[in-house]
Amino acid sequence: MIKRTRRSLLLVFSSILALILIILAASFYFMLAGVVNRDEHNRMEKTGKKTADEWVRHTTGKGYGVKEEFDRLRIGVMEWEFLQYDQFAVVFDTAGSMISSSSDDRNPLIDAEIQERLVGRMSGSDFFRLEKTAPEGRSVYALFRISPGDGKGSVIFIGEDISNQIHLLREMKWLIAGLSGVLLLVASGIGYVFAGSAMVPIMRSLKRQQEFTADASHELRTPLSVLQSSVEILEEEQSRLPAVHRTVLHHMKDEIIRMIRLTEQLLTLARSDSGGTPLLRSETFDLRDTLQAVTTRMQTTIAKEKGIDISLDDMLPEEDVSYAGDRDQISQVLYILLDNAVKYSFPNGTVMIQARRNNGDGVELIVADQGCGIPEENLPYLFERFFRVDKARSREWGGTGLGLSIAAQIIRLHGGRIEVKSTVNRGSTFTVRLP
Ligand code: ADP
């Protein structure tokens, strides 16, 4: 239980931390990407404007004060040297034909395919990206479209190679993810150690409580045995007692038996909680024999009182139902299940018990009754300590609410599991699967 609590504490702590780290890392990354993007847009816009001005100046002469210089430039070609080394520009006329480009002395991007892709972008968003895969690697270009207003309807595309920024952003992404992962691991490790220290006082008090339960149950055994013997001695003389005293004696005996049972069960649980039950003297035995022995024991006691028939059902003679485990503990499980089946059966009913191989390489023990059944909403709590569906009925038959939790514990120690199906007033079927 302590280990489970420590693990759940760690799980909660790590999940919260992971969530915070994911939010922080994602916010940081998106902020960074946002800044890079904004910066890229600003740069592109500035270059676009500059290019548009230059284009208008070179093609219309607007902006030049000196007539002679305009004449000289008009016959010259457009100069692109103001562009950065990783930028380029292309100018298209309204028909989509390229009329000028910086590709001669700049980026060799502007091949026929890219030209075609740019023509397809004559309308729509001003900012967009293009990717180009070449043998030397994948390049990403940011593009900005601008109309220079030269009176001819020309369109200019400004491009910039942003492969480095994209690469940097991708590396940052991995770096942030890696750092968050390492941080999470380190914090979880520290959290595990802290969770362990937090458990120490709880473990101490739990241990004290277990020791107390074990000691108290142990100490109660002797006086209870003395009481039982005393009542038995009185019983021998009961014919000399008045009727009312006989009834009192009878009740006393019932209560003493119940208390003996309770202290024994508490002792079993306290010992197994503190790891005091040595796990499983393993021996191979035939489950049929165990079933038979438990049935015989039950048939002569409470089953007889209630007129219940216990039938050992459907066993195929050739089926091997031998099992390697602790014979006494498995008998105890069967005893608890059968005792319950009889206790919660209607008088003169039938209880069916069965051992069989299951489909895998394990065995199954089935105890089915046609008794009062268990409401569905109670099924999840059935194996909890001191849980009883009907306290009065359980008490009437000497129940303590500990039987099923002991059975579940034993089955868990054997690596098996227990399941229950039940319908109110139709009966219950308990199935134990042992590996
Ligand atoms: P108890 O000593 O009270 O029988 P258990 O732990 O063995 O304690 O069982 C817990 C409760 O589960 C019982 O009080 C009873 O209400 C319910 N229960 C167990 N087995 C059966 C059954 N075969 N039919 C109906 N109710 C059952």
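Just follow the structure's listing: the first ligand is 1, and inside any ligand the first atom is 1. Quick note: numbers below take in every heavy atom, side chains included, and nothing from hydrogens, waters or symmetry partners.
- Atoms of ligand 1 lying under 4.0 Å from any heavy atom of D390, numbered from 1 in the order shown and given with element: 16 (O).
- We find that R129 and E131 are not joined by a salt bridge, their nearest charged nitrogen and carboxylate oxygen being 4.0 Å or further apart.
- With hydrogens and angles left out, the side-chain atoms of S14 and S188 include a donor and acceptor closer than 3.5 Å.
- Scanning the protein heavy atoms around atom 3 (O) of ligand 1, the nearest turns out to be S394 OG, 2.6 Å.
- Note on ligand 1: G371 sits outside its first shell, no heavy atom being nearer than 4.0 Å.
- At the shortest separation from atom 26 (N) of ligand 1 among protein heavy atoms lies I374 CG1, 3.3 Å.
- Of the N or O atoms in G401, one or more lie within a sub-3.5 Å distance of an N or O in ligand 1.
- Note: no N/O pair closer than 3.5 Å links R388 and ligand 1 by distance alone.
- Those atoms of ligand 1 with a heavy atom of F430 less than 4.0 angstrom away are 20 (N), 23 (N).
- With no hydrogens or angles considered, no side-chain donor-acceptor pair links E45 and H41 at under 3.5 Å.
- Considering only non-hydrogen atoms, atom 23 (N) of ligand 1 lies nearest to D369 out of L402, D369, V424.
- Ranking the protein heavy atoms by distance from atom 7 (O) of ligand 1 puts N340 ND2, 2.8 Å first.
- When side chains are defined from C-beta on, S322 does not count as touching F285, because their heavy atoms never get closer than 4.5 Å.
- A heavy-atom separation below 4.0 Å is found between K343 and ligand 1.
- Counting only heavy atoms from C-beta outward, the side chains of D161 and F88 never approach each other to under 4.5 Å.
- The shortest side-chain heavy-atom distance between Q299 and T296 does not fall under the 4.5 Å cut-off.
- When atom types are taken as modelled, the side chain of R385 and the backbone of S405 share no donor-acceptor pair closer than 3.5 angstrom.
- For the pair Q115 and F92, the minimum side-chain heavy-atom distance is below 4.5 Å.
- Inspection of the S422 and S428 side chains reveals an N or O donor paired with an N or O acceptor under 3.5 Å.
- Taking atom 16 (O) of ligand 1 as the reference point, the nearest protein heavy-atom neighbour is V389 N, 2.9 Å.
- Of the protein's heavy atoms, T400 N, 2.8 Å lies nearest to atom 2 (O) of ligand 1.
- The S428 neighbourhood of ligand 1 comprises atoms 22 (C), 24 (N), 25 (C), with distances under 4.0 Å to a heavy atom of that residue.
- Interatomic distance, CG of D369 versus OH of Y344, reported as 11.0 Å (0.5 Å rounding).
- Remark: ligand 1 and L382 share no N or O pair separated by less than 3.5 Å (distance only, no angle test).
- Closest to atom 5 (P) of ligand 1, if we only count protein heavy atoms, is L404 N, 3.5 Å.
- At least one N/O-N/O distance between G403 and ligand 1 falls below 3.5 Å.
- What you find for L402 and Q265 is that their closest heavy atoms are CB-OE1, 3.4 Å.
- Ligand 1 lies out of reach of F383, whose nearest heavy atom is not under 4.0 Å from it.
- Atom 11 (C) of ligand 1 has its nearest heavy-atom neighbour, among F387, F386, Y344, Y381, in F387.
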